[in-house]
Every structure is written in structure tokens, then in C-alpha cells.
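In what follows, a single structure is set out as C-alpha cells and then discussed.
By convention here, the first residue in the shown sequence is residue 1. Whatever order the structure lists them in is the order used to number ligands and atoms, beginning at 1. The structure displayed is predicted, hence computed values, not measured ones.
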Amino acid sequence: MHMIYNAKFETMPRDELIQLQIERLQSTLNRVYRNVGFYKNIFDENKIDIEKIKRIDDIRQLPVTTKDDLRKSYPYNMFAVPLRDIVRIHSTAGRTGKPIAIGYTRNDILNWSDQVARVLAAAGVTENDFVQIAFDYNMFTGGFGLHYGAEKMGASVIPSSQSGNVERQIHIMKDYKTTVLLSTPSYAHRIAGHLREMGIHPDELNLKIGLFGAEPWGEATRGRIEDALHLSAYNIYGVNEMMGPGVSGECGEKSGLHVNEDHYIVEIVDPRTGEPVQHGTEGELVITTITREGFPLIRYRTGDISSILEGACPCGRTTLRMERVAARTDDLFVFNGINIFPAQIGEILKRATGIDPRFQVSIDNVAGDDVMEVKVEVVESMFNDEIKKIMALKNGIAASIEREVGATAKITLVEQETLGTTTGGRVKPVIDNR
Ligand code: DLL
């Protein structure tokens, strides 16, 4: 049985935990009402009397917060503390390419580290481990978030980041005797592929545990990664707006992800009506932060499809478990750990072509590597251009996607009306064949 990092909160009797959630929710509501104009306005508009939110189910009376609300308040309008109290800023993709800025106070960072340490411990990581963090260290929360948590638990942290050079990653793993790998599942796949090419048997490495997240993956992928890297693979979930990784993670049972409920209240709602659904029913995951100082969010619609699992977990934790996230309610897709809205690509295409072309993104897995192709419908006259001009257009689009979105894509120009449409005449923006 793996160690429980913060037994006080992870094994708290449910009635006490719920009481704690209510108290923390009330204080959060008071703070956002006082300090965040957006919440004052929507609470007033909806005639919300925060004093009347007394039971956990009362949360349903509160309005939801969406990604668009956050985008509109870019950069600092949703921060609930003076900027001098912010010690860190991360960011995430908004719907149309305009980002969302996320602020953390010193306390937020301490809480976040604790949440991550719990998730690592639940997978069996201890202070004796060498933890290689192959997530990007930048405005994305993966690298820094996991780093602080792993360091907090006392592990030896190797911040290798998600470098394009997979062989270097493997050399580090070999030389430093890495025992725990943290990355996206697709990157773990790439590592496995390179290992084979380099003729290194996984037993020449010291890997025991892998924690993978930031994009959807299932049991088939778990099996493939475990076989290829000879480790035990665990799912970790998080959202930049909710600090980052650390919202939930699997324990030794590998049957659902335990939510850090002393920091987050989770609900599942019907994505069409917004009405809460019963435990066990699939719907959209909605999260409320209840300890966050810098960037508290009330009923944030994550766009992720999940469900709440019923019943106690044999691991001893009393916290609710969520089903792994396999799909989203919107067009956001995750490619090599990067969140991308098709609209971001649309903006680039508009600029590059001078028209507003129809396009379709397709994602495939080719021999373990995820690859992206963007098909763009261009007007016929463009095909009459010299080859040189066409090449320049394609290269320009690819370079902009690389620079602005951070992803490599193959660009294919197609004639108008060749992309298939769904009912309603809309081109399906993303075809995910992974
Ligand atoms: O991906 C935070 C993170 C970093 C999680 C490292 C785990 C490990 P964002 O970039 O904001 O944050 O992306 C959040 O990614 O809404 C899901 O759609 C998807 N996602 C994250 N974890 C998982 C997972 C980080 N374990 C979005 N399974 C979320 C499926 C996941 N999807």
C-alpha cells in the first residue's frame, strides 16, 4: 500500500470534510464578492445572497464561470489579491488565441505543492526516488507545478523538461538512474520508440513508476507504456486555471482519480442544460476552488467529460474519485500536451491567406508519434500561383503555428468544397484518429 501523504485531509471522515468544504466555500464567496468585480456583478445580477449558501448542494444556486469569462478579464481582472501579493503567473490558451493569465500567491504555491505531493505519493513515489519531470517548464503549469510538489516530498528532482531531443532525455534517465517518469502519455510513447531504436532494453533503466496526464489516455495506452518502459503507470489530472496538475490522481487501485477535495469542490453537470447529474452519470466536470487566494474560481466549467465514482476506495482515502477524462464538450484538443483550440489555427490561416478559409485539423498516431495535419481550402486562383509561392504560403502557415501555438503541423492545401461537412454544413474542426 502506498503512503498517504497528507492523511489528515485525505482520510478525513466525510461529514467533517463536507463541513470543511462549506466553511472554505463561504470564505471564498466572501472574498470574491469583495475583491473580484466579475463575481460581484454576476452575483448581484443573479440576486445571490452569499449568506444563504449554507449547505454543499446550495452551490448549485451559484452562476458558473466559463473560459470566455476568464479570457475577457485578461490579464488581471480576475485576480482576487493586489498584484504585489502574486508571486507567480502562468497562462493558458483562450478560445480565440487570446490567452488567460493565472496568478498565484505564496500560499497558493504551498497548497499546490502539497496537492502534487499527495498525487505523487498516491502512485507510490517516495523521498528516495529520482523523479524526472519531462513536462514543459514555461507558462504551462506542468513542469513547475510537478517540480515544486516532488521537491516538497523530498524526492530528487531532475527537471529535464519536455525537450525535442528524446535521446537526451533517455541519456539523463540512464545516467541519473531515474526511477519515476512524469510526462504526457504521448511523450512517454516517443521515449519508448527511441529506446527501441537505440537498442536499449527497458531493464537497463531503473524506472518503476510513471505519472502521465495533460491529455486523454486509456487502458490500452496504459498497457503499451507499461510494457515498453517496464513501469507502473498512473493517471494524473489537472487544469491550468485550477493551479495545474494536482487536482486529482490515481492511487494503487488505479480505479478512478482521487480529488483533493479539501481544495476543490467537484460537480458533474449536464453540459447542455447545466443541471447537476447524479453520481455515476457522465457529464461536464465543474470545479470550485475553496482555498485559492490569487485566482479563485466559482463553478468553473472545465469542458472535460467525467463522472463521480460511488463508494469507498480500499486505499483508505475518503476523498471522491472521478472517472478518467476521455473527452471534452468543446473543440479544444490536446496535441503533445499542448491545448489547442481550432479557432487559434483559424486566426493564423486568416492572416496568412487574406481570406477566412474552411479548414480541418486531423490528428493521427503514426508508430507511436502523434502527428497533426491541417487541411486548408483555398481559392482556385491560388493553385495557379507558382510552386514557389504555394510553398512559401504553406511554410509560412506552419511556421506561425509552430511559433504561436507551439506545435508542428503538416499543411495541405485543398480545393474549395472538398472538406466533408456535418449536418448544418459545418466542417468538423478536428478529426482525432488517435
Ligand atoms: O494539462 C495540467 C497538467 C499538467 C495536468 C501535467 C496533468 C499533468 P492545461 O494545459 O490547462 O493543464 O490542460 C487542461 O487537459 O481540461 C483536460 O482536457 C486535459 N487533461 C489534463 N489532464 C488530463 C488527463 C494541464 N489526465 C486540460 N486525462 C484538461 C485527460 C487531461 N485529459
Side-chain angles (χ1 to χ4, degrees), residues 66-67 70-71 90-95 99-102 104 112-113 115-116 118-120 122-123 125 131-150 159 161-162 180-188 210-219 221-222 225 233-250 254 256-260 264 266 271 284-287 295 297 300-307 321-341 344 370 405-407 430 432 434:
T66 65
K67 222 175 174 56
L70 302 189
R71 186 180 55 79
H90 282 287
S91 82
T92 200
R95 227 171 205 305
I100 291 162
I102 304 147
Y104 305 70
W112 187 16
S113 310
Q115 291 161 30
V116 169
R118 295 179 196 179
V119 168
L120 295 176
V125 181
V131 177
Q132 185 161 335
I133 302 183
F135 276 106
D136 277 333
Y137 279 69
N138 52 24
M139 299 302 275
F140 169 63
T141 57
F144 284 102
L146 294 165
H147 185 108
Y148 274 58
S161 197
Q162 182 176 331
V180 179
L181 174 65
L182 267 54
S183 71
T184 60
S186 54
Y187 196 67
L211 290 100
F212 307 111
E215 64 190 15
W217 60 299
E219 291 309 318
T221 305
R222 190 194 313 262
I225 295 177
Y234 293 82
N235 199 341
I236 49 171
Y237 170 84
V239 180
N240 291 340
E241 297 90 309
M242 293 288 137
M243 305 252 241
V247 172
S248 65
E250 286 178 329
K254 294 191 183 171
L257 290 79
H258 284 277
V259 176
N260 280 314
Y264 305 101
V266 291
E284 181 175 351
L285 180 68
V286 171
I287 313 181
F295 199 72
L297 294 178
Y300 184 62
R301 291 190 68 153
T302 62
D304 289 323
I305 305 283
S306 181
S307 60
R321 284 167 294 158
M322 56 181 258
E323 184 62 79
R324 75 182 179 83
V325 171
R328 291 187 51 85
T329 57
D330 56 21
D331 296 332
L332 183 133
F333 64 99
V334 193
F335 177 74
N336 288 331
I338 306 165
N339 293 356
I340 306 172
F341 279 109
Q344 291 173 266
D370 287 351
V405 183
V430 185
D432 196 334
R434 286 175 289 189

*Could you tell me whether K67 and E241 make a salt bridge, using a distance below 4.0 angstrom between a side-chain N and a carboxylate O?*
yes

*Say whether Y137 and H147, considering side chains only, have a donor N or O and an acceptor N or O under 3.5 Å apart.*
yes

_salt bridge (Lys or Arg N to Asp or Glu O under 4.0 Å) for E219 and R324? Distances and angles first, verdict last._
CA-CA 10 Å; E219 291 309 318; R324 75 182 179 83; 5.0 Å; no

*Check side chain to side chain contact (heavy atoms under 4.5 Å, CB included) between A134 and all other residues, then give those that pass, not counting sequence neighbours.*
S160, Q169, L181, S183, Y187

*Check each protein residue for a heavy atom under 4.0 Å from ligand 1 and list those that pass, ordered by chain and number.*
T92, F135, F140, T141, G142, G213, A214, E215, P216, N235, I236, Y237, G238, V239, N240, E241, P245, D304, V325, R328, N339

*Counting only heavy atoms not in F333, do more than 12 fall under 6.0 Å of its CZ?*
yes

*Would you check if the side chain of H258 reaches a backbone N or O of R321 as a donor-acceptor pair within less than 3.5 Å?*
no

